[in-house]
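Bear in mind the structure is a predicted one, so any value in this text is a computation, not a measurement. Just so you know, these numbers use all the heavy atoms, side chains as well, and skip hydrogens, waters and symmetry mates.
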Amino acid sequence: MSTTADPLAALGSLPGVADSVDSVRKAVDRVYGHRVMRRRSNEIASEAALRGARGSAALSGADWALEEVRRRTDFSVEGEPRTVGAALRLTAEAGQLLSVWRQSPLRVLARLHLVAAGGNRPDETVGRPRLAGEPVDEPLIELELPGASEVSGRLDGLAELLIAGSEAPALVTAAVVHGELLALRPFGSCNGLVARTAERIVLVGSGLDPKSICPAEVGHAELGRAAYAAALDGYVSGTPEGVAAWIIHCARALELGVRESTAVCEALQRGAA
């Protein structure tokens, strides 16, 4: 990253990023301007939450049909049901943590991990960054695992940047938070689920998507795990081209999430006609 006083803002000048930021802003404005939003925004937000949770779970290995997620009530079974349940709990929790995030992002991350993993890892590793020698259960992320001391330092640095504030577009900040958490995998489990929830918190808290109706998780799942992993490799490389590619990938995911909610608006409008 840049060594300027506002390294997040500096990322906005990377090749292709400004165009992606502009495209996302226009897409979000269009769905917020949809006539259905004036009367039924709560319904759209609820549907976006469900679809976002489904998408995040899919990227963590539980690729269930939307109607299956909607129908099921027991998520206590080991394996995929627990993953889907964790994604649903995180989506519900995210909206309660916006004010805390602005003051203490690390507290929010700890809370998110507790919500996601507490049900299936009831031990002292839940809700805190991993210590040296502790394993990480994140089989779909195959990057080299940073050591605990590096994780601690980079988390502190990220938190300082977020608390200090930045002129960076919300998309850029959200993509960096998402990328850092995936690269570091600070917890013993559920890092992908937590990272995608943190991205959502930034997008909502920044005012880009204040009603939480644009589920980027849907787009990440639609673009696929291979593309997700390839874009993350670019971010971890630290090169300007690689970081830009990750931010642009996140922008595409968010635009696909907007498209999903636009389709929900259109369906509701047809039903009301």
Side-chain angles (χ1 to χ4, degrees), residues 1-2 4-12 49 52-53 56 60 86-87 89-118 125-131 134 136 138 141 146-210 212 214-217 220 232 235-236 238 243 246-247 250 253-254:
M1 291 184 188
S2 168
T4 64
D6 191 350
L8 291 175
L11 298 179
S56 190
S60 287
R89 291 194 301 273
L90 285 170
T91 299
E93 186 77 8
Q96 311 302 314
L97 298 172
L98 295 172
S99 61
V100 182
W101 177 265
R102 298 183 186 102
Q103 300 172 2
S104 181
L106 298 185
R107 278 181 57 199
V108 171
L109 294 176
R111 174 61 185 169
L112 292 176
H113 187 245
L114 184 64
V115 168
T125 69
V126 173
R128 64 154 172 79
R130 55 187 167 84
L131 303 178
E134 290 182 344
V136 173
E138 203 72 41
I141 304 295
S149 60
E150 180 181 350
V151 168
S152 178
R154 285 173 63 174
L155 281 178
D156 287 344
L158 179 63
E160 289 172 7
L161 284 176
L162 294 170
I163 293 169
S166 171
E167 295 298 317
L171 170 68
V172 171
T173 302
V176 168
V177 168
H178 187 171
E180 277 291 287
L181 293 175
L182 285 178
L184 294 175
R185 283 145 292 162
F187 303 110
S189 63
C190 302
N191 290 286
L193 294 171
V194 169
R196 290 183 289 275
T197 306
E199 179 185 52
R200 167 114 318 271
I201 289 173
V202 174
L203 293 172
V204 173
S206 67
L208 177 61
D209 179 22
S212 194
C214 305
E217 304 94 331
H220 285 301
L232 180 61
Y235 178 83
V236 171
V243 174
W246 170 251
I247 296 171
C250 290
L254 183 54

If you compare all heavy atoms of [X] against all heavy atoms of [Y], which two are closest, and at what distance to 0.1 Å?
{"X": "N191", "Y": "R185", "result": "OD1-C, 3.3 Å"}
{"X": "C214", "Y": "D209", "result": "N-OD2, 3.0 Å"}
{"X": "G52", "Y": "P215", "result": "CA-CB, 3.9 Å"}
{"X": "V151", "Y": "P186", "result": "CG1-CB, 3.7 Å"}
{"X": "R130", "Y": "G147", "result": "NH1-C, 4.2 Å"}
{"X": "R102", "Y": "I163", "result": "O-CG1, 4.1 Å"}

**OP:** Could you list all the ring pair (Phe, Tyr, Trp, His ring centres under 6.0 Å) pairs where at least one residue sits in residues 152-176, not counting sequence neighbours?
**Re:** none
Subject >> Residue pairs, two or more places apart or on separate chains, that pass ring pair (Phe, Tyr, Trp, His ring centres under 6.0 Å) and touch residues 182-210 >> reply: H113-F187
Subject >> L98 and I201: CA distance, side-chain angles, deciding distance, side-chain contact (heavy atoms from CB on, under 4.5 Å) verdict >> reply: CA-CA 7 Å; L98 295 172; I201 289 173; 3.8 Å; yes
Below 3.5 Å, can you tabulate the donor-acceptor pairs from side chains in residues 165-178 to any protein atom, sequence neighbours excluded?
| residue | atom | partner | partner atom | Å |
| --- | --- | --- | --- | --- |
| S166 | OG | D6 | OD1 | 2.7 |
| S166 | OG | D6 | OD2 | 3.2 |
| S166 | OG | A168 | N | 2.9 |
| H178 | ND1 | E199 | OE1 | 3.4 |
| H178 | ND1 | E199 | OE2 | 3.3 |
| H178 | NE2 | Y228 | OH | 2.6 |

**OP:** Give the C-alpha distance, both sets of side-chain angles, the deciding distance and a yes or no for side-chain contact (heavy atoms from CB on, under 4.5 Å) between E180 and L155.
**Re:** CA-CA 8 Å; E180 277 291 287; L155 281 178; over 6 Å; no
**OP:** Report the C-alpha distance between R196 and S60 in whole Å, list the side-chain angles of each, state the deciding distance to 0.1 Å, and finish with yes or no for side-chain contact (heavy atoms from CB on, under 4.5 Å).
**Re:** CA-CA 11 Å; R196 290 183 289 275; S60 287; 2.7 Å; yes
Subject >> Value rounded to 0.5 Å, distance of CZ in R111 from CG in L90 >> reply: 10.0 Å
Original post:
At what distance, to the nearest 0.5 angstrom, does CG of L181 lie from CG of L193?
Top reply: 12.0 Å
**OP:** Carefully, step by step, assess R89 and E93 under the rule salt bridge (charged side-chain N to carboxylate O under 4.0 Å, His left out).
**Re:** CA-CA 6 Å; R89 291 194 301 273; E93 186 77 8; over 6 Å; no
Original post:
Does E134 use its side chain to pair, donor to acceptor, with the backbone of G188 at less than 3.5 Å?
Top reply: no
**OP:** Report yes or no: does S152 contribute a side-chain atom to a donor-acceptor pair with the main-chain N or O of S149 at less than 3.5 Å?
**Re:** no
Subject >> Full working for side-chain contact (heavy atoms from CB on, under 4.5 Å) between T197 and V115 >> reply: CA-CA 11 Å; T197 306; V115 168; over 6 Å; no
Original post:
Pick one: which of L112, L106, L162 meets side chain to side chain contact (heavy atoms under 4.5 Å, CB included) with W101?
Top reply: L162
Subject >> Pairwise side-chain contact, L158 with P105, heavy-atom cut-off 4.5 Å (strictly under) >> reply: no
